[in-house]
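Presented below is the structure to which this report refers.
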Amino acid sequence: MKEISCKLLVIGAGPGGYVCAIRAGQLGIDTVIVEAGRPGGTCLNVGCIPSKALIHAAEEFEKVSHMAGGKGPLGISVAPPSLDLAKAVAWKDGIVSRLTNGVAGLLKKAKVKTVQGWATFRDGKTVEVETETGTQVIRAETVVIATGSAPVELPFLPFGAPVISSTEALALSEVPRRLAVVGGGYIGLELGIAFAKLGAAVTVVEALPRVLAQYDAELTRPVVKRLAELGIEVITGAKAKGLSSKGDALLVETSDGKTAKIAADKILVTVGRKPLTEGFGLEQIDLDRSGKFIRIDDQCRTSMCGVFAIGDVTGEPMLAHRAMAQGEMVAEIVAGHKRSWDKRSIPAICFTDPELVTAGLSPEEAKALGEIKIGQFPFAANGRAMTKLGEEGFVRVVARADNHLVLGIQAVGQGVSELSAAFGLALEMGARLEDIAGTVHAHPTQGEAFQEAALKALGHALHI
Ligand SMILES: Cc1cc2nc3c(=O)[nH]c(=O)nc-3n(C[C@H](O)[C@H](O)[C@H](O)COP(=O)(O)OP(=O)(O)OC[C@H]3O[C@@H](n4cnc5c(N)ncnc54)[C@H](O)[C@@H]3O)c2cc1C
């Protein structure tokens with residue numbers, strides 16, 4: 001049995017783990033990272049990046065399809081397009097390879113040793129890794145658990161054709177004729193919309209009364225409207241029950257207690273993700289839990305001295321940029337820097353059509369803290385949005401009524417994901433309404449709607 005020792009051992013090379021290891025390497029810490037799959041984790045391999053590639057391909061296809069026959073106001077007419085999904089998936093795989101190879105290169109450049117294989121805890125300072133060349137024992141002064149998460153499987157709809165998770169949905173070589181999506185959260189809707197644009201007849205089944213239920217109804221209204229325009233059937237208040245005996249339909253209990261049969265070639269189950277806390281001997285070190293997640297403090301320390309945890313395994317929001325920020329912070333703490341988690345904002349984006357962004361507190365959350373001011377500006381009054389056929393949606397700013405400190409910002413509209421940086425910055429810098437209103441925003445841009453929303457909250461919007 002081979003043995004190595006290091007100062008820092010990171011388990012899992014997703015966005016949390018690889019960022020932690022790169023930063024630790026930059027800081028001169030002797031670091032080893034263990035990864036069972038490919039570097040980049042869920043995000044680069046089967047999550048953020050491949051889903052956005054598929055969404056882009058679907059958007060382009062839908063745009064051209066819409067123009068076919070001279071439809072649309074732009075005066076462009078093209079022949080009806082055809083689609084080679086296998087080619088689009090190969091393009092997406094190329095992007096994933098470039099990025100995962102890039103991460104491997106960055107780890108090497110930072111002098112991080114990568115061990116390929118599945119790590120299992122022996123104790124809080126020692127893991128065993130099953131590698132291709134035998135068992136490798138790694139002893140470390142400090143361990144970071146960055147094992148991420150996995151899709152939740154429904155016991156009555158186990159994964160296996162025709163029931164698929166987002167991972168298989170991103171690797172299909174043909175567009176399913178009929179796709180049933182179980183779960184109307186962001187992953188289900190992002191993929192459901194993409195497949196509808198690629199030509200599938202999509203039905204979304206959601207147990208709650210609304211899709212994207214964690215966001216307020218006003219914010220999700222433009223998305224719900226677009227789902228209908230795309231011909232996506234949404235059945236809310238309905239529970240998936242299982243597969244039909246022939247395996248060609250999803251059985252659903254509707255809100256009136258009746259059983260409905262939704263004919264489907266593929267059934268995509270996107271009912272959430274669970275932290276990966278099993279199968280690697282975590283029970284050996286018996287860390288405190290917060291529900292199903294590993295409990296951490298504001299420095300990502302677990303209940304065991306010298307063991308940190310970051311990313312999806314530690315709680316919501318399960319997002320790549322949260323994992324990365326935690327990873328960078330932990331590397332600096334291990335290097336002796338004074339750091340703690342004092343972020344005001346972790347923006348969240350749904351890459352639906354239209355896109356949806358939230359940063360900081362929602363109006364409801366802010367109201368619970370005291371009196372607030374809200375300013376909302378519609379893209380229908382924004383010149384740039386009009387030139388992009390993107391008049392649906394708005395930017396909304398929520399601030400304290402007394403001192404105008406901005407507490408939260410939300411937007412829904414075409415391409416608003418790119419506004420998330422401005423929203424996050426405003427919250428992190430402790431901006432007041434006057435700061436946003438007093439910043440000269442370039443014209444014509446969708447960002448002007450952000451400035452106008454702040455002006456509106458102050459009572460003197462200019463363009464509405
Ligand atoms: C379809 C989809 C779309 C998404 N879109 C977005 C998005 O647009 N934006 C966003 O911010 N987030 C998105 N996410 C979520 C994002 O992917 C995760 O939040 C992020 O990957 C979490 O990073 P992590 O480092 O905590 O874990 P992961 O990325 O899950 O990485 C964990 C790694 O640890 C490895 N591992 C686990 N256990 C062991 C072990 N015992 N030994 C060795 N290796 C191990 C795994 O193989 C994996 O590579 C999406 C997710 C999905 C599924």
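What you see below is based on every heavy atom in this structure, not just the backbone, and it leaves out hydrogens, waters and symmetry mates. In each ligand, atom 1 is the first atom listed, and ligand 1 is the first ligand listed. The residues of the chain are indexed from 1 along the displayed sequence.
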Proximal ligand 1 atoms for [X], defined as those under 4.0 Å from one of its heavy atoms:
X      : answer
Gly117 : 42 (N), 43 (C)
Met318 : 15 (C), 19 (O)
Ser51  : 3 (C)
Phe280 : 41 (N)
Leu319 : 10 (C), 11 (O), 12 (N), 19 (O)

[X]-[Y] side chain donor-acceptor pair, cut-off 3.5 Å:
X      : Y      : answer
Arg295 : Ser290 : no
Thr236 : Arg210 : no
Thr314 : Arg322 : yes
Thr133 : Lys2   : yes
Thr358 : Gln410 : no
Thr135 : Glu130 : yes
Gln376 : Glu218 : yes
Gln446 : Arg384 : no
Ser165 : Glu168 : yes

If I apply the N/O under 3.5 Å rule, does [X] come out as touching ligand 1?
X      : result
Ala36  : yes
Ala320 : yes
Gly16  : yes
Ile187 : no
Thr42  : yes
Tyr186 : yes

Given [options], which has its nearest heavy atom closest to [atom]?
atom                    : options                     : answer
atom 21 (O) of ligand 1 : Gly40, Ser417, Cys43        : Cys43
atom 4 (C) of ligand 1  : Gly12, Pro39, Cys48         : Cys48
atom 19 (O) of ligand 1 : Ile310, Thr167, Asp312      : Asp312
atom 3 (C) of ligand 1  : Gly17, Ala13, Ala348, Gly47 : Gly47

With a 4.0 Å cut-off on heavy atoms, is [X] touching ligand 1?
X      : answer
Lys52  : yes
Tyr18  : no
Pro317 : no

So which bit of [X] gets within less than 4.0 Å of ligand 1, heavy atoms only: side chain, backbone, both or neither?
X      : answer
Ser149 : backbone
Trp118 : both
Arg273 : side chain
Ala146 : backbone

Tell me: protein heavy atom nearest [atom], and distance?
atom                    : result
atom 23 (O) of ligand 1 : Pro15 CD, 3.3 Å
atom 37 (C) of ligand 1 : Thr147 O, 3.4 Å
atom 46 (C) of ligand 1 : Glu35 OE2, 3.4 Å
atom 27 (O) of ligand 1 : Gly148 CA, 3.1 Å
atom 41 (N) of ligand 1 : Ala119 O, 3.0 Å
atom 31 (O) of ligand 1 : Gly14 CA, 3.4 Å

(request) Step through it carefully: locate the ring centre of Phe450, locate the ring centre of Phe423, and say whether they are under 6.0 Å apart. (result)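 Yes - the distance between ring centres of Phe450 and Phe423 falls below the 6.0 Å cut-off.
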(request) For Leu405 and Gly430, work out which heavy atoms get closest and say how close. (result)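 In this case the closest contact between Leu405 and Gly430 is CD1-O, 3.5 Å.
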(request) Taking side chain to side chain donor-acceptor pair (under 3.5 Å) as the test, write out the residues that go with Ser5, two or more places apart. (result) none
(request) Enumerate the residue pairs fulfilling side-chain hydrogen bond (donor to acceptor under 3.5 Å, both in side chains) with a member in residues 10-24, sequence neighbours excluded, ordered by first and then second residue. (result)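 Qualifying pairs: Arg23-Gln26, Arg23-Glu332.
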(message) Does this structure show an ion pair linking Glu3 with Arg139, if we count only N-O contacts that are shorter than 4.0 Å?
(response)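 Yes, this pair counts.
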(message) Would you say CZ of Arg122 has more than 12 non-hydrogen atoms from neighbouring residues, nucleotides or ligands within 6.0 angstrom?
(response)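 Yes.
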(message) If you define the side chain from C-beta out and look only at heavy atoms, does anything of Asp216 sit under 4.5 Å from Arg396?
(response)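 Yes; the side chains approach each other to less than 4.5 Å.
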